Amino acid sequence: MAKAITQRKDNYSQWYLDIVKRAGLADHSKVKGCMVIKPTGFAIWENMRDELDRMFKETGHVNAYFPLFIPKSFLSREAQHVEGFAKECAVITHHRLMNDPDGNGVVVDPDAKLEEELIVRPTSETIIWDTYKDWINSYRDLPLLINQWANVVRWEMRTRLFLRTTEFLWQEGHTAHATREEAMEEALQMQRVYAEFAEEYMAMPVVKGIKTANERFAGADETFTIEALMQDGKALQAGTSHFLGQNFAKAFDVKFLNKENQQEYVWATSWGVSTRLLGGLIMTHSDDDGLVIPPKLAPTQVVIVPIPKPGPEIGEAADKVMKALRGRGIRVKFDDDEKNRPGFKFAEHEMKGIPVRIGIGKRDLEKGQVEIARRDTKEKTFVPIDEAAAYIENLVAEIQNNLFERAKQFRDDNITKVDNFDDFKEAVSGSGNSEIESWGGGFVSAHWDGTTETELKIKELTKATIRCIPLDNEKEEGQCVLTGKPSGQRVLFAKAY
RNA sequence: CGGGGCGUAGCGCAGUCCGGUUAGCGCACCUGCUUUGGGAGCAGGGGGCCGCAGGUUCGAAUCCUGCCGCCCCGACCA
């Protein structure tokens, strides 16, 4: 009881940190801005990765791997791209150490300076398009649909576990197409894949939308995004898919011979999601008792806690239930660790977000039942032991569904339509109906005149940015919330991670 | 990179202002016994270069200088 974590309403970011640490997901490493992803956190990432990988392959993609290092000159080939990433690159200048002449360990050997510095990839467009140049000659080589699972480095000023770390894990898809239409459809398809993954597996509702020019990926003609709303009313960009036009094809001179025997530049996309999704997962579902993981991604879906009394009956009953659950494809663990008492285990498994707990004690067995507790609502119920597996198979599906519906309700409740700037400021800065002290304001749906100038002015005045122009937006005449100029549709603003 | 806070046992902290026995507490850990249906109790025990490096002093966790790291809030960003 004395081990409660920080409450969301008191200090939301400390609550988040407490969960990451106490649920054993990750630690700060000794390297500034980097994290150690611990086995539990990595197991969730593996589940996410496996599902995404399956979805990528079902849509025709294959995996490959490109180098960690990028020659400095490659990065500067595409003007917008280098401008976007130059400020956050780790640079390799030397390739050897030597003993310190003064006897203090090792120092960089000044004679081992690289002729051309290498950049640790912040993203791989440049090295990949330099390679695609050699792979693509004819329309018959297209489309090229490649994904890679990798780590990347972006030297950010301020980091937060999972949400923004100097090094992070992700996947980056890089595709090449013969036509503009096909590349555009690929970018949109992958946005749909991300949205489906977020909603079906993470139970995290997202808005599919288009980024404004200001928020666009460096080097893209169009960026598609999925945006989620966290419990503190701040938006999280959860995944992006870019239509790159012919920008990289031109920068790296990637042409193909079409059916009419003419040279054409290739059309491109790139798309990625990262370990940031874990931050989104945590902040979408977890509560003041700890982590909540949707069953489809939970490394352990069901934990059985024995209430110890002398005799083998409890272990036998647990075995029986475990076999039945495994027969239904459910991941179950028996916590027979004698070191801890049941009460401790209950609290611990709740902290770690295991969706379902089964308690089995002598009293239960006398009645031929087990106790089943669900993490999402904390409800407990008793079920005949022979029906437990079937009950739980339904229950995990229901929990998955409930988590999504709950998050969707929250999200929908926190989209505020405003039509003047005073209401806009109130929506973004006010505490609304939330108890959370650092409440971000949720999504604000408002008219915008379409200019970057207005977007930046609003950001300066309120710290809210345009998260996206929703894809399924209704056309609606109105006036820009700041300038009063005519606008044909609303866009979604929010303070963002 | 600016502002604020913090580095003392695995974790969380007290002690630092005002220098002085052997640096203390809770949790965790080890041993034993009793326990076990919501974070067990008792007894005994182990564990510290007080962030690092200099300096002042008879004497430094405590004072001074420099450095490093982390957290929070900004600016930047996935």
Side-chain angles (χ1 to χ4, degrees), chain A residues 1-6 11-14 16-18 20-22 24 27-35 84-89 104 122-123 152-172 194 211 214-218 223 225-228 235-242 270-280 289-290 305-310 314 336-351 357-367 369-371 373 378 380 382 437-438 459-460 463 465 467 495-497:
Chain A
M1 287 301 169
K3 297 183 180 174
I5 62 176
T6 305
N11 187 340
Y12 188 85
S13 51
Q14 189 59 47
Y16 174 78
L17 275 170
D18 284 356
V20 172
K21 282 192 177 171
R22 295 281 301 284
D27 278 337
H28 289 283
S29 83
K30 293 292 166 62
V31 183
K32 182 181 172 64
C34 293
M35 63 179 166
F85 286 104
K87 283 177 289 182
E88 51 193 43
C89 287
N104 298 317
T123 180
V152 287
V153 166
R154 294 182 189 175
W155 214 268
E156 303 285 357
M157 284 303 169
R158 190 168 160 215
T159 58
R160 298 189 71 187
L161 291 173
F162 292 119
L163 297 170
R164 183 176 302 106
T165 46
T166 300
E167 179 192 14
F168 56 95
L169 306 183
W170 78 343
Q171 58 68 217
E172 46 181 326
Y194 287 156
K211 286 294 191 184
N214 180 245
E215 296 275 334
R216 203 136 65 198
F217 175 75
T223 289
T225 181
I226 57 170
E227 299 282 327
L236 182 79
Q237 177 176 307
T240 48
S241 179
H242 315 292
S270 68
W271 28 274
V273 295
S274 72
T275 36
R276 170 176 250 207
L277 286 178
L278 267 161
D289 294 315
V305 176
I307 313 300
K309 278 278 190 307
I314 288 170
D336 59 349
D337 184 351
E338 289 175 19
K339 192 176 66 172
N340 294 313
R341 294 153 56 94
F344 178 87
K345 291 177 182 177
F346 293 168
E348 196 66 12
H349 296 313
E350 277 163 14
M351 171 69 68
R357 183 188 71 236
I358 305 177
I360 307 180
K362 194 165 170 247
R363 295 209 302 260
D364 297 314
L365 293 183
E366 282 164 6
K367 297 181 196 162
Q369 65 183 22
V370 294
E371 183 195 62
K378 305 303 231 18
K380 289 188 246 187
F382 293 94
E437 203 174 345
S438 56
K459 181 182 180 184
E460 184 191 325
K463 298 199 166 74
T465 52
R467 300 324 303 150
K495 290 180 186 164
Y497 276 98

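These numbers come from a predicted model, not from an experiment. Protein chains get the first letters and strands the later ones, always in sequence-line order, with residue 1 at the start of each.
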Roughly how many Å is it from CD in A:E227 to P in B:rA78, rounded to a whole number?
11 Å

Does A:E338 CD have over 12 foreign heavy atoms under 6.0 Å away?
no

Which nucleotide in B:rA78, B:rG37, B:rG74 has an atom nearest any side-chain atom of A:R158:
B:rG74

From CG of A:L236 over to C1' of B:rC77, roughly how many Å is that when rounded to an integer?
12 Å

For the pair A:K211 and A:E227, evaluate salt bridge (charged side-chain N to carboxylate O under 4.0 Å, His left out) and give the outcome as yes or no after the intermediate values.
CA-CA 10 Å; A:K211 286 294 191 184; A:E227 299 282 327; 2.8 Å; yes

Which nucleotide, B:rG37, B:rC1, B:rC72, lies nearest any side-chain atom of A:S13?
B:rC72

Enumerate the side-chain hydrogen bond (donor to acceptor under 3.5 Å, both in side chains) contacts for residues 157-168 of chain A, please, sequence neighbours excluded, ordered by first and then second residue.
A:N151-A:E167

Nearest non-hydrogen partners of A:V20 and A:F162, listed with the distance
CG1-CE1, 4.0 Å

Distance check, C1' atoms only: B:rG51 and B:rU34, in whole angstrom units.
43 Å

Among B:rC76, B:rG38, B:rA78, the one nearest any side-chain atom of A:M157 is B:rC76

Taking atom C1' in both B:rA9 and B:rC1, compute the distance separating them and give it to the nearest angstrom.
35 Å

Considering just the side-chain nitrogens and oxygens of A:K459, establish if one lies under 4.0 Å of OP1 or OP2 belonging to B:rC76.
yes

Report yes if at least one side-chain N or O of A:R154 is closer than 4.0 Å to OP1 or OP2 of B:rC76; otherwise report no.
no

Rounded to whole angstrom units, what separation is found between the NZ atom of A:K211 and the C1' atom of B:rC77?
11 Å

Does B:rC25 have a Watson-Crick or wobble mate here (both distances under 3.5 Å), and if so which one?
B:rG12

For the side chain of A:E371, counting heavy atoms from C-beta on, which of B:rA78, B:rC76, B:rG37 is nearest?
B:rG37

Nearest-Å distance for atom pair NZ/C1', residues A:K309 and B:rU34
14 Å

At under 4.0 Å between heavy atoms, what does A:K378 touch on the DNA or RNA strands: base, sugar-phosphate, or nothing?
nothing

Contact class for A:N11 (heavy atom, under 4.0 Å): base, sugar-phosphate, or nothing?
nothing

Watson-Crick or G-U wobble mate for B:rC17, both contacts under 3.5 Å:
none

Between B:rA75, B:rA78, B:rC77, which nucleotide gets closest to the side-chain atoms of A:S274?
B:rA78

Which part of the nucleic acid, if any, lies within contact of A:E156, taking any heavy atom under 4.0 Å across all strands shown: a base, the sugar-phosphate backbone alone, or nothing?
base

So what does A:T225 hit on the nucleic acid, given a heavy-atom distance under 4.0 Å: a base, only sugar-phosphate, or nothing?
nothing

Taking N and O atoms by type only, does the side chain of A:R357 place a donor or acceptor under 3.5 Å from a partner on the base of B:rG38?
yes

Does A:T275 place a side-chain N or O at less than 4.0 Å from the phosphate oxygens OP1/OP2 of B:rA78?
no

Aromatic rings A:F217 and A:H242: how do their planes relate, parallel, tilted or perpendicular, breaks at 30° and 60°?
parallel

Under a 3.5 Å cut-off for both distances, is B:rC33 Watson-Crick or wobble paired, and to whom?
B:rG41

Would you kindly compare A:P342 and A:K87 by the position of their nearest RNA chain B nucleotide and give the one closer to the 5′ end?
A:P342

B:rC64 versus B:rG26 - spacing of their C1' atoms, nearest Å:
34 Å

A:K463 side chain, from C-beta outward: closest of B:rG39, B:rG37, B:rA75:
B:rA75

Report the nucleotide, chosen from B:rG38, B:rA75, B:rC71, that has the shortest atom-to-atom distance to any side-chain atom of A:Q14.
B:rC71

Please report, rounded to the nearest Å, how far the P atom of B:rC1 is from the NZ atom of A:K32.
9 Å

So what does A:F168 hit on the nucleic acid, given a heavy-atom distance under 4.0 Å: a base, only sugar-phosphate, or nothing?
base

Atom CE of A:M35 to atom C1' of B:rC70: distance rounded to whole Å?
16 Å

Atom-pair distance (CZ on A:F344; C1' on B:rA40), nearest Å
12 Å

With a 3.5 angstrom cut-off on both distances, give the Watson-Crick or G-U wobble partner of B:rU65, or none if there isn't one.
B:rA53

In the strands shown, is B:rG74 matched to any nucleotide by a Watson-Crick or G-U wobble pair with both distances under 3.5 Å, and which?
B:rC1

Side-chain (A:T275) to main-chain (A:F168) donor-acceptor, under 3.5 angstrom
no

Can a donor-acceptor pair be found, under 3.5 Å and without considering hydrogens, that links the side chain of A:N340 to the backbone of A:K345?
no

Is there a donor-acceptor pair under 3.5 Å between the side chain of A:R154 and the backbone N or O of A:E88?
no

Considering only heavy side-chain atoms of A:R164, the closest of B:rC77, B:rG37, B:rC76 is B:rC77

Pick base, sugar-phosphate or nothing for A:G279, based on heavy-atom distances below 4.0 Å to the nucleic acid.
nothing

Can you tell me how far C1' in B:rG15 sits from the matching atom in B:rC6, rounded to whole Å?
16 Å

Looking at the side chain of A:M351, which of B:rC77, B:rG39, B:rC72 is the nearest nucleotide?
B:rG39

Rounded to whole angstrom, note down the P distance from B:rU56 over to B:rC73.
41 Å

Could you give the distance separating B:rU35 and B:rU22 at their C1' atoms, to the nearest angstrom?
37 Å

Check whether A:Y194 reaches the backbone of A:G272 with its side chain - one donor and one acceptor, N or O, closer than 3.5 Å.
yes

Do A:E350 side-chain and B:rG39 base share a donor-acceptor contact under 3.5 Å?
no

With P as the reference atom in both, quote the distance from B:rG39 to B:rA28 in angstrom, rounded to an integer.
13 Å

Donor-acceptor pair under 3.5 Å, A:N340 side chain vs B:rG39 base
no

Nearest heavy-atom neighbours spanning A:V273 and A:W170:
O-CB, 3.1 Å

Closer than 4.0 Å, any side-chain N/O of A:H28 to the OP1 or OP2 of B:rC71?
yes

With rounding to whole Å, what would you report as the distance between B:rC25 and B:rG47 at their C1' atoms?
15 Å

Can you tell me the Watson-Crick or wobble partner of B:rG59, both distances under 3.5 angstrom?
none

Atom-pair distance (CZ on A:R341; C1' on B:rU34), nearest Å
11 Å

Do the side-chain N or O atoms of A:K362 get closer than 4.0 angstrom to the phosphate oxygens (OP1, OP2) of B:rG37?
no

Can you tell which of B:rA78, B:rG38, B:rC29 lies closest to the side chain of A:K380?
B:rG38

